[in-house]
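Working notes, beginning with the structure itself.
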Amino acid sequence: MKVLVTGGAGYIGSITVERLIAHGASVVVFDNLYQGHEAAVHPDATFVCGDLADRAAIDDTLARHRPDGIMHFASYTLVGESWEKPFMYLRDNIVNGLNLLESAVEHGVRRFILSSTANLFDDPESVPIHETERIVPGSPYGESKNIMERYLYWLDRVYGFRYACLRYFNACGATEQRGEHHDPETHLIPLVLQVALGQRDKITIFGDDYNTPDGTCVRDYIHVHDLAEAHILALGAVDGGSRKYNLGNGRGFSVQEVIDTARQVTGHPIPSVIGPRRPGDPDILIAGSDAIVRDLGWRRQYPDLRQIVEMAWKWHQAHPNGYPY
Ligand code: UDP
């Protein structure tokens, strides 16, 4: 099977490419290196440095490589930034995604995996959050993914375009070769590990007055390796029908628990201070992932927070300045 992976130089994309190649797939990475790193691209993948805003570049790549399916990771992904720069999300994520979809239809590609988000569920009626939960996007970012999901629904009806939307909760962890490196970094686990590396003085906890057992936000931290495997299972299944899955660990951990775990793993005191709440953060986000477990036999290999932090720590220690290396 040949797979085109947009955003295959980014964090989740590059690790999915690693897993695809381990499963024997042939991979073409399409990435503009805006947040991705060429050093993260697996050496056995074909790398095309291109932008989804450039329709001709997509057409050329699809015509040249004729993939059997597409995994689409390339997009702007920060909830906070999407409030400051909504057009980056409500225009670029969508227009770029449409360029890819239209080109895929024209080139006869009929299998598509969308990297979607828990930010579709801003006001859940029940926790854990299952696929039946009503969609309430929590930001322009969440709305951009919602619109992509809606386009896919119509392309399936019109063209028989088969897709899976995978809504991730908090992707984290690393493999031996690849890990999380954003600039600027905004995610909790890499920030905490940067404190342990001596690159930051302290971690600020965004609010300790949430309606949770210790007052700090509870999130569902899911290992990126397990996310990658879910993409591969979903791609193998879409011919049987389009689908949507919520992907998480199945249990939540508070910000305080993450910091305490990182203290144990690194042996560093990791000073913390309480800061104001970050706008838009709900108390608790936990995925109900029973559907993909039941339908596709998805198995989480690394559900343990300590193991997740250990694997991330190993990568950060080996690559304290991230990519390139
Ligand atoms: N968080 C925090 N301090 C930080 C960064 C994040 O307290 O410096 C909290 C954040 O408020 C959220 C959790 O850690 O409750 C996970 O945030 P992250 O940005 O990693 O992922 P998100 O939940 O936004 O996808």
Side-chain angles (χ1 to χ4, degrees), residues 10-12 35 73 75-84 89 93 115-124 127-129 136-146 166-174 179-197 199-224 227 246-249 251-263 268 270-287 305 308-309 311-313 316 322:
Y11 171 44
I12 306 173
Q35 276 283 350
F73 295 92
S75 73
Y76 299 115
T77 58
L78 297 176
V79 169
E81 181 182 62
S82 79
W83 284 99
E84 288 155 25
Y89 290 76
N93 274 2
S115 165
S116 189
T117 176
N119 196 243
L120 298 183
F121 308 112
D122 196 44
D123 186 22
V127 175
I129 301 170
V136 182
S139 66
Y141 165 63
E143 186 68 89
S144 74
K145 294 292 183 181
N146 184 38
L166 302 182
R167 290 90 165 249
Y168 331 140
F169 285 58
N170 291 66
C172 54
E180 188 167 11
H181 171 202
H182 299 106
D183 192 12
E185 188 54 76
T186 62
H187 295 107
L188 180 65
I189 292 178
L191 285 175
V192 166
L193 296 180
Q194 285 177 1
V195 180
L197 281 172
Q199 296 173 345
R200 289 175 193 268
D201 296 341
K202 59 182 185 307
I203 183 79
T204 302
I205 298 174
F206 296 152
D208 67 349
D209 57 351
Y210 286 92
N211 188 17
T212 60
D214 65 20
T216 65
C217 287
V218 170
R219 294 287 177 273
D220 183 326
Y221 295 89
I222 171 76
H223 198 294
V224 63
L227 278 185
N246 294 353
L247 296 183
N249 197 323
R251 63 164 293 201
F253 301 94
S254 72
V255 173
Q256 189 62 59
E257 282 177 282
V258 170
I259 296 170
D260 289 341
T261 302
R263 286 176 177 144
H268 189 284
I270 310 185
S272 65
V273 295
I274 308 297
R277 286 181 174 212
R278 188 174 65 176
D281 264 338
D283 302 295
I284 300 179
L285 282 175
I286 300 174
L305 180 63
I308 289 171
V309 174
M311 291 170 81
W313 178 231
H316 279 272

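Atoms within each ligand, like the ligands themselves, are counted from 1 in listed order. A quick note: this is a predicted structure, and the numbers were derived from the prediction, not measured. Counting from 1, the numbers follow the sequence of the chain as shown.
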Mind checking what makes side-chain hydrogen bond (donor to acceptor under 3.5 Å, both in side chains) contact with S115, not counting sequence neighbours?
Y168
Those residues that, when tested against D123, pass salt bridge (Lys or Arg N to Asp or Glu O under 4.0 Å) (two or more places apart):
R134
Near ligand 1, at a heavy-atom separation below 4.0 Å: residues by chain and residue number
N170, T186, H187, L188, L191, I203, T204, I205, F206, C217, R219, Y221, V255, R278, D281
Between E84 (side chain) and E81 (backbone), is there a donor-acceptor pair under 3.5 Å?
no
Does R277 have any side chain to side chain contact (heavy atoms under 4.5 Å, CB included) partners at least two apart in sequence or in another chain, and if so, which?
D209, Y210
Donor-acceptor pair, distance only, cut-off 3.5 Å: does the side chain of N249 make one with the backbone of Y221?
yes
Can you give me the closest heavy-atom contact between T117 and G142, atom names plus distance?
CG2-CA, 4.3 Å
